[in-house]
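Side chains included, hydrogens not; waters and symmetry mates left out as well; all remaining heavy atoms used.
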Amino acid sequence: MEEQVDIINEHDEVIGSVPRSQMRRERLPHRASYIVVQNREGRYLIEVRTLNKDYAPGLLDACVGGVVQSGEDPLLSARRELAEEIGVSVDDPKMEFKFLGTMRIDYPKHHPRSFLFAYLFIAKGDAITVRQREEVSGIMYLTATDVARLEHNFTTDSVTAFNEIIRRVDAADKAGPQEA
């Protein structure tokens, strides 16, 4: 049975559910999780997408993540995607995992009304990765400068989410620790 995806309105409210293939074909608004994975050296895990992906085959992904399944909590989606795509568990004591909020990502170049709501996360730490061969053909670690220089090789949504996640992490670091 084909994976079901919740379709959302401009307020990130679920208005229906359709098969993933229909969501892709009609470019329907949906939710997706985006996780920037940073190692202790400050480099970011970058995925090379396989050529059989239904969206942007062969391009680079600046984030681990994917479409949130129908009825799935975005936090659980992020945890699932990390485990599926690179074999990393956020329960690993060497990993720091944090939710950074949401953002809307529009696709004006291809389809003016197409958008998604991105659920943004950061995962920091060193972990042994095991890539999912069906979705990830390779993994590399790059600096933020490298990502910016190669931006045209990345999926639009992943580099947009990456830049926002890095901006939010930097802003939080400058603000310092928050009082409880």
Is [X] salt-bridged to [Y], cutoff N-O under 4.0 Å?
{"X": "Arg167", "Y": "Asp170", "answer": "no"}
{"X": "Lys53", "Y": "Glu135", "answer": "yes"}
{"X": "Arg104", "Y": "Asp12", "answer": "no"}
{"X": "Arg31", "Y": "Glu72", "answer": "no"}

Hey, does the side chain of [X] reach the backbone of [Y] with a donor-acceptor pair shorter than 3.5 angstrom?
{"X": "Asn39", "Y": "Tyr141", "result": "no"}
{"X": "Ser137", "Y": "Val48", "result": "yes"}
{"X": "Ser70", "Y": "Gln4", "result": "no"}
{"X": "Ser89", "Y": "Asp91", "result": "yes"}

(message) For Phe162 and Tyr44, I'd like to know if the aromatic rings sit close, meaning centre-to-centre distance below 6.0 Å.
(response)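 Phe162 vs Tyr44: aromatic centres under 6.0 Å.
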
(message) Quick check: Phe121 with Phe97 (ring centres under 6.0 Å apart)?
(response)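 That pair passes the under 6.0 Å test.
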
(message) Using side-chain contact (heavy atoms from CB on, under 4.5 Å), reason through Glu96 and Ile122 one step at a time and then give a plain yes or no.
(response) CA-CA 8 Å; Glu96 175 188 336; Ile122 183 81; 5.7 Å; no

(request) Inspect the surroundings of CD in Glu13 and state if more than 12 heavy atoms from other residues, nucleotides or ligands are less than 6.0 Å away. (result)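 Enclosed: over 12 neighbouring heavy atoms sit under 6.0 Å from CD of Glu13.
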
(message) For Lys98, is the NZ atom crowded, meaning more than 12 foreign heavy atoms sit under 6.0 Å from it?
(response)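 No, not enclosed.
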
(message) Consider side-chain hydrogen bond (donor to acceptor under 3.5 Å, both in side chains). Of Thr160, Thr156, Thr155, which one does Ser158 pass it with?
(response)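 Exactly one candidate clears the test, Thr155.
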
(request) For residues Val67 and Met23, determine if any side-chain heavy atom of one lies less than 4.5 Å from a side-chain heavy atom of the other. (result)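 When only atoms from C-beta onward are counted, Met23 and Val67 do touch, with a gap below 4.5 Å.
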
(request) Give a yes or no on whether Leu76 and Leu100 share a hydrophobic cluster (residues Ile, Leu, Val, Met, Phe, Trp, Tyr; joining criterion: side-chain heavy atoms under 4.5 Å apart). (result)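 Result: no, two separate clusters.
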
(request) Kindly indicate, with the supporting measurements, whether the criterion side-chain contact (heavy atoms from CB on, under 4.5 Å) is fulfilled by His30 and Arg24. (result) CA-CA 10 Å; His30 60 282; Arg24 286 285 188 225; 4.2 Å; yes

